[in-house]
Amino acid sequence: MPEKFTVRADHRACHAVPAIPAATGASPAIVADALARPLQDLRISLTDRCNFRCVYCMPEEFFNADYAFLPRDALLNFEEITRIARIFVGHGVRKIRLTGGEPLLRKHLENLIEMLAQLRTPDGRELDLALTTNGSLLAQKAQSLRDAGLKRLTVSLDSLDDSTFRRMNGVDFPVAQVLRGLDAARAAGFGPIKLNMVVKRGTNDQEIVPMARHFKGTPFIPRFIEYMDVGASNDWRMDEVVPSSEVVRRIAEHMPLEAVESNHPGETAERWRYLDGGGEIGVISSVTQSFCRDCIRARLSTEGVLYTCLFAASGHDLRTLMRGGKTDQEIAAAVAGLWQVRADRYSELRSAKTGGAAAPTRKIEMSYIGG
Ligand code: SAM
Ligand code: SF4
Ligand code: SF4
């Protein structure tokens with residue numbers, strides 16, 4: 001394993017440049033980790049900044065005027081992002097999700113999407129190119145994102161009730177504007193569109209059934225996410241987690257549901273469909289039912305640090321490799337070497353050791369690592 005590097009800030013840490021394994025010629029098409037999990041998904045954080053201050057992600061008390069966001073030159077530029085993406089695609093990545101922070105804040109994002117949309121898998125296929133957004137700028141940007149080649153959109157939406165929504169996003173942002181963004185996304189040709197609702201008991205759990213009811217029979221798929229202990233700023237407590245089993249029960253009491261087979265291994269959401277044919281919902285049980293066994297996802301932070309787990313305490317600095325003049329082949333070998341030794345399974349261990357309570361490790365903020 002690469003040597004440890006000094007911690008940069010309370011919430012961010014990274015490893016020094018990974019020792020580059022000897023180049024072995026052409027990089028293998030598929031790279032599996034120590035638990036035989038292939039590298040298939042890459043999430044790329046485009047910015048650590050956000051125009052929201054969601055209580056569970058970037059609480060205002062912590063992410064305020066004193067908070068040191070990354071300087072502009074620390075961010076990977078579009079050429080660097082595309083270069084890394086190409087290397088990961090060469091290792092078997094099929095799906096790239098752009099996230100953040102709020103990815104729509106990144107200037108000229110459409111140019112990056114155009115660049116990524118041109119990448120092809122080794123067998124000549126297009127990538128599954130997706131983006132997660134808080135939806136605040138979607139009304140203006142949906143069409144240009146679609147035109148640039150974005151395939152899929154996920155929009156976060158924690159409540160349909162305006163006052164609950166304004167309270168949860170921390171900046172008094174009106175829900176109506178996000179709903180306009182959803183309309184624009186449909187008009188631009190996106191669909192089906194997944195909607196992420198982080199459920200926090202006592203804050204928005206009363207919104208579970210109204211959310212399900214509102215989108216039943218539409219092309220939108222609400223997904224109810226268990227509030228997670230990511231980062232170190234949200235003051236997470238297990239009693240504020242609403243288990244997915246309870247979410248399903250509460251919805252099914254009003255609108256009967258049945259389980260659906262998952263689309264593919266590594267899918268984070270468990271799918272349920274309405275018995276009357278009114279579409280489906282998803283639940284993401286990151287706390288009560290870990291899915292580490294099928295975790296095929298790497299994360300690239302805004303400044304080019306590779307994390308092999310959402311809950312990692314440290315990552316591996318690929319930006320230094322790129323800016324230090326390493327060749328694609330050398331970087332590809334480094335990435336393969338890092339993935340091959342990966343044995344992360346934080347959620348499984350949390351469940352086994354603590355019965356759900358957060359394990360006492362220092363963790364990276366979600367807005368930095370990319371949710
Ligand atoms: N800003 C964009 C957004 O909100 O969609 C993209 C980045 S955000 C970090 C990605 C996803 O992470 C969002 O759907 C958000 O709800 C989710 N998220 C953030 N903090 C979370 C937490 N503590 N538990 C569960 N999900 C969380
Ligand atoms: Fe911003 Fe998304 Fe985090 Fe909310 S969840 S604070 S919108 S990055
Ligand atoms: Fe993957 Fe880490 Fe989450 Fe487990 S805890 S599913 S290894 S990101």
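Throughout, numbering of the chain's residues begins at 1 and tracks the sequence. Just follow the structure's listing: the first ligand is 1, and inside any ligand the first atom is 1.
Near Ser347, meaning under 4.0 Å from any of its heavy atoms, are these atoms of ligand 3: 5 (S). Near Glu102, meaning under 4.0 Å from one of its heavy atoms, ligand 1 places the atoms 1 (N), 2 (C). Interface atoms of ligand 1 facing Thr133, defined by a heavy-atom separation under 4.0 Å, are 2 (C), 3 (C), 5 (O). When each atom of ligand 3 is checked for a heavy atom of Phe311 under 4.0 Å away, the hits are 5 (S). Atom numbering of ligand 3 starts at 1 in the shown order; those under 4.0 Å from a heavy atom of Tyr346 are 5 (S). In summary, the atoms of ligand 1 found under 4.0 Å from a heavy atom of Val230, numbered by their order in the structure, are 22 (C), 23 (N).
Among protein heavy atoms, the minimum distance from atom 1 (Fe) of ligand 3 is reached at Cys295 SG, 2.4 Å. Protein heavy atom closest to atom 2 (Fe) of ligand 3, with residue, atom name and distance, is Cys309 SG, 2.3 Å. Nearest protein heavy-atom contact of atom 20 (N) of ligand 1 is Tyr56 CD1, 3.3 Å. Atom 8 (S) of ligand 3 has its closest protein heavy atom at Leu310 N, 3.2 Å. When hydrogens are left out, the protein atom nearest atom 12 (O) of ligand 1 is Met366 CE, 3.1 Å; that is the closest non-hydrogen contact. With respect to atom 16 (O) of ligand 1, the closest heavy atom belonging to the protein is Val198 CG2, 3.1 Å. The protein heavy atom nearest to atom 7 (S) of ligand 3 is Asp344 O, 3.5 Å. Protein heavy atom closest to atom 3 (Fe) of ligand 2, with residue, atom name and distance, is Cys57 SG, 2.4 Å. For atom 1 (N) of ligand 1, the closest heavy atom belonging to the protein is Gly101 O, 3.0 Å. Summary of contacts: the protein heavy atom closest to atom 4 (Fe) of ligand 2 is Cys54 SG, 2.3 Å.
Under a 4.0 angstrom heavy-atom cut-off, Met197 registers as lying outside contact with ligand 1. Contact analysis leaves Ser156 out of contact with ligand 2, as no non-hydrogen atom separation drops below 4.0 angstrom.
Put simply, the side chain of Thr320 never gets that close to the backbone of Asp317: no donor and acceptor are under 3.5 Å apart. His91 places no side-chain N or O within 3.5 Å of a backbone atom of Val335 that could act as its donor or acceptor partner. Under the 3.5 Å distance criterion, the side-chain polar atoms of Trp339 are matched with a main-chain donor or acceptor of Arg37. In this structure, the side chain of Ser285 does not engage the main chain of Thr288 through any donor-acceptor pair within 3.5 Å. Using modelled atom types, one side-chain atom of Arg342 and one backbone atom of Thr308 make a donor-acceptor pair closer than 3.5 Å.
Ionic pairing of Glu79 and Arg83 is not present here: no N-O contact between side-chain nitrogen and carboxylate oxygen is shorter than 4.0 angstrom. Ionic pairing of Glu102 and Arg49 is not present here: no N-O contact between side-chain nitrogen and carboxylate oxygen is shorter than 4.0 angstrom. Between Arg271 and Glu280 there is a salt bridge, since at least one side-chain N of the basic residue sits less than 4.0 Å from a carboxylate O of the acidic one.
Any N or O atom pair closer than 3.5 Å counts here, and Asp158 shares no such pair with ligand 1. At a 3.5 angstrom cut-off on N or O pairs, Met228 counts as close to ligand 1. For a threshold of 3.5 Å applied to N or O pairs, the pair formed by Thr99 and ligand 1 contains no separation below that value.
Relative to atom 25 (C) of ligand 1, the option among Glu226, Arg49, Met168 with the closest non-hydrogen atom is Glu226. In this comparison of Ser156, Ser286, Gly100, the heavy atom closest to atom 3 (C) of ligand 1 sits on Ser156.
With hydrophobic clusters built from ILVMFWY side chains whose heavy atoms lie under 4.5 angstrom apart, Val171 shares a cluster with Val178.
Other residues, nucleotides and ligands contribute only 12 or fewer heavy atoms inside 6.0 Å of the CD atom of Glu261. Crowding of Arg125 atom CZ: a count of heavy atoms from other residues, nucleotides or ligands under 6.0 Å not exceeding 12. Counting non-hydrogen atoms of other residues, nucleotides and ligands closer than 6.0 Å to CZ of Arg323 gives a total above 12.
At a cut-off of 2.8 Å, Cys292 does not coordinate atom 1 (Fe) of ligand 3 through any N, O or S atom.
Note on ring orientation: taking the six-membered ring where Trp is involved, the planes of Phe62 and Tyr67 are tilted (angle from 30° to 60°).
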Under the salt bridge (charged side-chain N to carboxylate O under 4.0 Å, His left out) criterion, do Glu80 and Arg319 qualify, and how do the steps go? CA-CA 8 Å; Glu80 289 171 328; Arg319 186 188 64 191; over 6 Å; no
